[in-house]
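Comments concern the structure below.
Quick caveat: nothing in here was measured; it's all calculated off a predicted structure. A note on names: the letters A, B, ... follow the listed sequences, proteins ahead of strands, and every chain is numbered from 1.
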Amino acid sequence: MPAAIHPKVIQKVRDPSYFGLKSGKTQKQAKPTPWVDVSDDDSLGKQNGLKRKNPNNMNGHHEPSANGHKKKKRRHSLLSDDGLQHNDANGAGQPKKHRINGAGPSTPQGSKAKAIAEQRQQLPIAKGRDALIEEIRKNDVTILLGETGSGKTTQVPQYILESGLAKNGMIAVTQPRKVAATSLAARVATEQNVPLGSLVGYAVRFDEKSSPETRIKYLTDGMIVRELMSDPLLSNYSVVIVDEAHERTLRTDLLIANLKKIQKARNNPSDPKGKGKAGLTNPLKIVIMSATLDAEKFSRFYHNAKILYVKGRQHPVKIYHCAESQLDYTDAAMRTFFQIHTDQPPGDVLIFLPGQEDIESLQKSIDLYAKQLPADKLEVLTCTMFAAQEHSQNNKAFLPTPPKTRKCILATNIAETSITIPGIKYVIDTGKCKEKQYLARVSGGGFDTLLTRDITKSSAMQRAGRAGREGKGVCFRLYTEDAFNGMALSAEPEILRCSLTASILNLKTLGQNLEELDLMDKPDSDSIASALKTLWLLGALDNHQKLTPDGRQMALFPLEPQYACAVVASKGYGCTSEVLDIVSVLSASSKLFIDISEQRDAVAEARRKFRHSYGDHLTVLNAVRAYREIAASENKHARREWCRKHFLNERTFLEARDIREQLVVTCNRVGIDATVSAKEDEDSIIKSIGHGLAGNSAFLQPDGSYKQTMGQTIVKVHPGSSLCDKKVPAIIYDELMYTNQIYARGVSSIPKSFFLSLSAFKQRKA
DNA sequence: GAGCACTGC
């Protein structure tokens, strides 16, 4: 047995005959196929809602198989002569549904871009254009339920613009992700035949292309929530389109709640906060766009707003479920892959797995077995894809598949929404994902968990859909149909499973209290109490939960409140420059230190060069300083090489540089001199950070463990930390993460006496 | 002594 193989792989590897590969020649599998076909040939994927003929299928309160029957009847009763579906007979409690396909022609733009105009007209939504505009004209709030490929995100803003519905302001289209906002804006600018940034623009963090002529603006949900802080009525916009609302990101939820408030104020002339006070003459139109499932919930939230439905364009995907549940999903995935490989026509395979560890071990198993395939078979090329992996590695999945080869991509959720890989014909869905969940604890400040769990129905549908982007596809689910039916409909909204500290701080600057806000889903009181306590500890709120002057400053920084607090505190310690260096790296989206499992020793060796005896925060500072020195003297290529050699992620440095610039601007605004440097006074730097992380601290116990200062939890220093194995009297940490144990990550040593001075400091303030 | 899905300002 090859010595290089990871022990976990050996455990998973079986006799090749297990899936029908024997001594160089292929044969029908020895084992009966474990799959049960649940879709009939004429309506592929119907039961899973991938090719929905009935919009009501998507409300998902019933099991998919039962659903078709029950609701079909209702749908027919909704049909009327004008080609729209009216839902008048269904009682007041039910939201109204209209089908907008099949009405009215649309007007092509300009004669030059004829091809583009034709393309636009081909989109499923084009037929419903006039009906859609009419509904938006008549109603303050419209819910648009559009499937993948309907064209809603690019077309609806243009229809609204062309119809003159947004005469008095811009049309905002919000997106949860930056890439979506920028690329959609570029696409729509092309369709309008204008330069990007003129009539059509976008605004995302670090990047904005817009001008006074901009009428359609794509922006991230985070961006518009920030805008809310300086313009609480969003007076620049006359239409706000919330796209991908079903994802229920924290920021989308806050936006949706505020939009309700804003609309009431702006559309009601007698409201003192509305027309009169703000001098606004333009009422606000809201369009909520959702891909699946939760449309009725949005409708209920907005006083039973009408739901419009538009069909998508997606190739049929045939779905197979396992006959029995699988104990080992990586092993099942491997058997399924080779079944596809031996029995099915050419086409690339995408396997969804929960995390990096599974991906790497499965890749090894597949590669090992692929070598034993008979020569007349297609070659197997495996690619991996996960967030922590270098970009260049992730991008390999996009390269065209070489001739006589079948590509097998092993990916996490990254391939579910964020990235679309072309050429996928087969999807293997393990039914598992990892999800971060915040466990609020009023004492000790709560911690994150990151555990493998079952996916949701909408996630399963999304994964299957990845096989039908370019043609007919097949999806193999490594779980039974019963298991599918038992899955939750969609993921819990983010607001129910993350720390609310930052949101509460931001809302406070708007004079709002989260617990009083009319939210679609309200977080539990523990979560709110824990966040309020943290903000009080940071000195952002006083004893009456009122925003302090420091808190007002903290809210202006695009940082976690803990780090914003550290920046504000750094003014008193004279080390703002260094604190900015550290917090900008810590708030970058990817980690600075790269871990490559095969090169563990080399990684540890390289890391030693930056290691600081105080711990991880000053280790980061050392790395930043070293990079800055290299960057000053070396060219781009040498910089990249230096980063590679030291297992540092250069993209993190570059992103941190952008963040730092933004923080400097904020510092200047609130009167903090960002150039003040502590030079070698490292104690000051740690103390500044300590102000932010005072709630995240633990003392060494006589038995050598660390116990929280604010709670009873025993925490372990994460093995990736520079302080792992070191015993120091007191530590502060960036976060607690529960995986197998409760680990403190991003750990620094701090003098115990600091906490005494801190409480004195707090009393002085109170 | 052991491991980490994905976003956003």
Among [options], which nucleotide has an atom closest to any side-chain atom of [X]?
| X | options | answer |
| --- | --- | --- |
| A:Pro719 | B:dA5, B:dG1, B:dC9 | B:dG1 |
| A:Lys178 | B:dA5, B:dC9, B:dG1 | B:dC9 |
| A:Lys716 | B:dA5, B:dG1, B:dT7 | B:dG1 |
| A:Asp725 | B:dG1, B:dC6, B:dT7 | B:dG1 |
| A:His718 | B:dC9, B:dC6, B:dC4 | B:dC4 |
| A:Cys724 | B:dG1, B:dC4, B:dG3 | B:dG1 |
| A:Pro558 | B:dC9, B:dC4, B:dC6 | B:dC9 |
| A:Lys434 | B:dC9, B:dT7, B:dC4 | B:dC4 |

Criterion side chain to side chain contact (heavy atoms under 4.5 Å, CB included) on A:Ile256 and A:Phe298, from CA distance to verdict: CA-CA 9 Å; A:Ile256 283 175; A:Phe298 292 114; 3.7 Å; yes
5'-most by nearest nucleotide on DNA chain B - A:Ser587 or A:Arg497: A:Arg497
5' priority, DNA chain B, between A:Ala502 and A:Glu435 [closest heavy atom]: A:Glu435
Atom pair distance, as rounded to whole Å: [atom1] in [X] and [atom2] in [N]:
| X | N | atom1 | atom2 | answer |
| --- | --- | --- | --- | --- |
| A:Asn413 | B:dC6 | CG | C1' | 7 Å |
| A:Met223 | B:dC9 | CE | P | 7 Å |
| A:Lys726 | B:dG1 | NZ | P | 13 Å |
| A:Ile495 | B:dT7 | CD1 | C1' | 15 Å |
| A:Phe206 | B:dC9 | CZ | P | 8 Å |
| A:Asp601 | B:dG1 | CG | P | 17 Å |
| A:Gln741 | B:dG3 | CD | P | 8 Å |
| A:Tyr438 | B:dC6 | OH | P | 22 Å |

Any donor-acceptor N/O pair, A:Thr430 side chain to A:Phe352 backbone, under 3.5 Å: yes
Donor-acceptor contact below 3.5 Å, side chain A:Asp616 vs main chain A:Ser748: no
A:Arg745 (side chain) and B:dC4 (base): donor-acceptor pair under 3.5 Å: yes
Donor/acceptor link under 3.5 angstrom from A:Lys591 side chain onto base of B:dC4: yes
Does [X] make a side-chain N or O approach to OP1 or OP2 of [N] shorter than 4.0 Å?
| X | N | value |
| --- | --- | --- |
| A:Thr739 | B:dC4 | yes |
| A:Thr220 | B:dC9 | yes |
| A:Thr412 | B:dC6 | yes |

Just distance, no hydrogens or angles: give the donor-acceptor pairs under 3.5 Å from side chains in residues 552-563 of chain A, sequence neighbours left out.
from: A:Tyr563; atom 1: OH; to: A:Asp734; atom 2: OD1; distance (Å): 2.8

Under 4.0 Å between any heavy atoms, over every strand shown, what does [X] touch: base, sugar-phosphate, or nothing? Just pick one.
| X | result |
| --- | --- |
| A:Gly355 | sugar-phosphate |
| A:Tyr743 | sugar-phosphate |
| A:Val204 | sugar-phosphate |
| A:Asn740 | sugar-phosphate |

Trace of the side chain to side chain donor-acceptor pair (under 3.5 Å) decision for A:Arg248 with A:Ser490: CA-CA 10 Å; A:Arg248 302 290 308 276; A:Ser490 49; over 6 Å; no
CA sep, side-chain torsions, deciding dist, call: A:Tyr329, A:Asp358, side chain to side chain donor-acceptor pair (under 3.5 Å): CA-CA 9 Å; A:Tyr329 56 81; A:Asp358 286 327; 2.7 Å; yes
A:Glu650: partners by salt bridge (charged side-chain N to carboxylate O under 4.0 Å, His left out), with sequence neighbours left out: A:Arg639
